[in-house]
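Okay, handing you the structure first.
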Amino acid sequence: MEQVKVLVAETSPFVMRVLIALEEKGVKYEYQLEDLPHNKSELLLQMNPVYKKVPVLIHNGKPICESLIILQYIEETWGSEKHLPYDRALARFWADFVDRKFLDSGIRVVKSKDEAQEQAKRDMLENLQFLEGALKDMSAGGSLPFFGGKEFGFLDIAFIPYASRFRAFENIGNFKIPFETEYPLLDAWVRRCMERESVKKFLPSSDQILQKALQIRKRSVVD
């Protein structure tokens, strides 16, 4: 029998995407909750000695680290990949964009103030505009429901965990993300994703994320 275990931490978007992917593929697994950052288990240190971070997928005793790499592994192992190589490469490009650019702007909204925070908000809105355009291109102008076209796929799973963070960004940044007027495709996409059982099962509430973000800001910003 296959043995699948995931080392996780609460509220991590990187963990959420892995668990959502496993649920979508119907893979049976168990998980171990890590007490981060100061009380890392021996198993975590053994399975990810380089970064010592979660998530880690352990499949039949062999570890796979880094969430986007894990998503690719899940698809290759338990999926039925139907997309062309170009489509797969495009989805992976935008997933990397989400982690490098969108997440960076979100972190700066939470941790900075004054002009640095204003720039972070401008960057976030620009990044969302790029993602709105990507969704338009990848969903046949919005006629298909997901970044993956008809199917809830790689990029959808990679991006949707950030949806529970939008309220925290708005609250801390004291601004409104104009989804309905500027990003209507993303707005509709989020609503569709939120209807999926796998997403509802793992996404924390916006209130939970806001409280965590406020704690991070308190530690990061010195008046």
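Keep in mind that the numbers below use all heavy atoms, side chains included, and drop hydrogens, waters and symmetry copies.
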My understanding is that only residues two or more places apart in sequence, or in another chain, count here; which of them pass salt bridge (charged side-chain N to carboxylate O under 4.0 Å, His left out) with K150?
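In terms of salt bridge (charged side-chain N to carboxylate O under 4.0 Å, His left out), with neighbours along the sequence ignored, K150 is linked to no residue.
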
Donor-acceptor contacts, no H, no angles, side chain residues 7-16, under 3.5 Å, sequence neighbours left out:
from	atom 1	to	atom 2	distance (Å)
S12	OG	F14	N	3.2
S12	OG	V15	N	3.2

For Y51, which fellow cluster members are found when Ile, Leu, Val, Met, Phe, Trp and Tyr are connected by side-chain heavy-atom distances below 4.5 angstrom, either directly or through intermediates?
V50

What ring pair (Phe, Tyr, Trp, His ring centres under 6.0 Å) pairs are there with at least one residue in residues 187-211, not counting sequence neighbours?
F147-W189, F159-W189

Mind checking salt bridge (charged side-chain N to carboxylate O under 4.0 Å, His left out) for R88 and listing every partner two or more places apart, or none if nothing turns up?
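For R88 there are no salt bridge (charged side-chain N to carboxylate O under 4.0 Å, His left out) partners, ignoring immediate neighbours.
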
List the residues meeting side-chain hydrogen bond (donor to acceptor under 3.5 Å, both in side chains) with E197, not counting sequence neighbours, and say none if there are none.
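Only K200 meet the side-chain hydrogen bond (donor to acceptor under 3.5 Å, both in side chains) criterion with E197.
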
With sequence neighbours excluded, tell me which residues meet side-chain hydrogen bond (donor to acceptor under 3.5 Å, both in side chains) with E195.
none

A163 and M194: which non-hydrogen atoms are nearest, and at how many Å?
CB-CE, 3.6 Å

With sequence neighbours excluded, residues passing salt bridge (charged side-chain N to carboxylate O under 4.0 Å, His left out) with D123
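If we apply the salt bridge (charged side-chain N to carboxylate O under 4.0 Å, His left out) test to D123, skipping adjacent residues, the hits are R108.
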
Flag yes if more than 12 heavy atoms outside R122 fall under 6.0 Å of its CZ atom; otherwise flag no.
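Check passes, neighbour count above 12.
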
Can you tell me how the ring of F166 sits relative to the ring of F102, calling it parallel under 30°, perpendicular over 60° and tilted otherwise?
perpendicular

Pairs touching residues 28-43 that satisfy salt bridge (charged side-chain N to carboxylate O under 4.0 Å, His left out), sequence neighbours left out:
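Non-adjacent pairs meeting salt bridge (charged side-chain N to carboxylate O under 4.0 Å, His left out): zero.
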
Checking K121 now: which residues fulfil salt bridge (charged side-chain N to carboxylate O under 4.0 Å, His left out) with it, not counting sequence neighbours?
E118

Output a table of donor-acceptor pairs, distance under 3.5 Å, between side-chain atoms of residues 61-71 and any protein atom two or more places apart or on a different chain; print 'none' if there are none.
from	atom 1	to	atom 2	distance (Å)
S67	OG	R17	NH1	2.8

What pairs of residues pass the salt bridge (charged side-chain N to carboxylate O under 4.0 Å, His left out) test when at least one of them lies in residues 125-138, not counting sequence neighbours?
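Applying salt bridge (charged side-chain N to carboxylate O under 4.0 Å, His left out) to every pair that reaches into residues 125-138, excluding sequence neighbours, yields nothing.
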
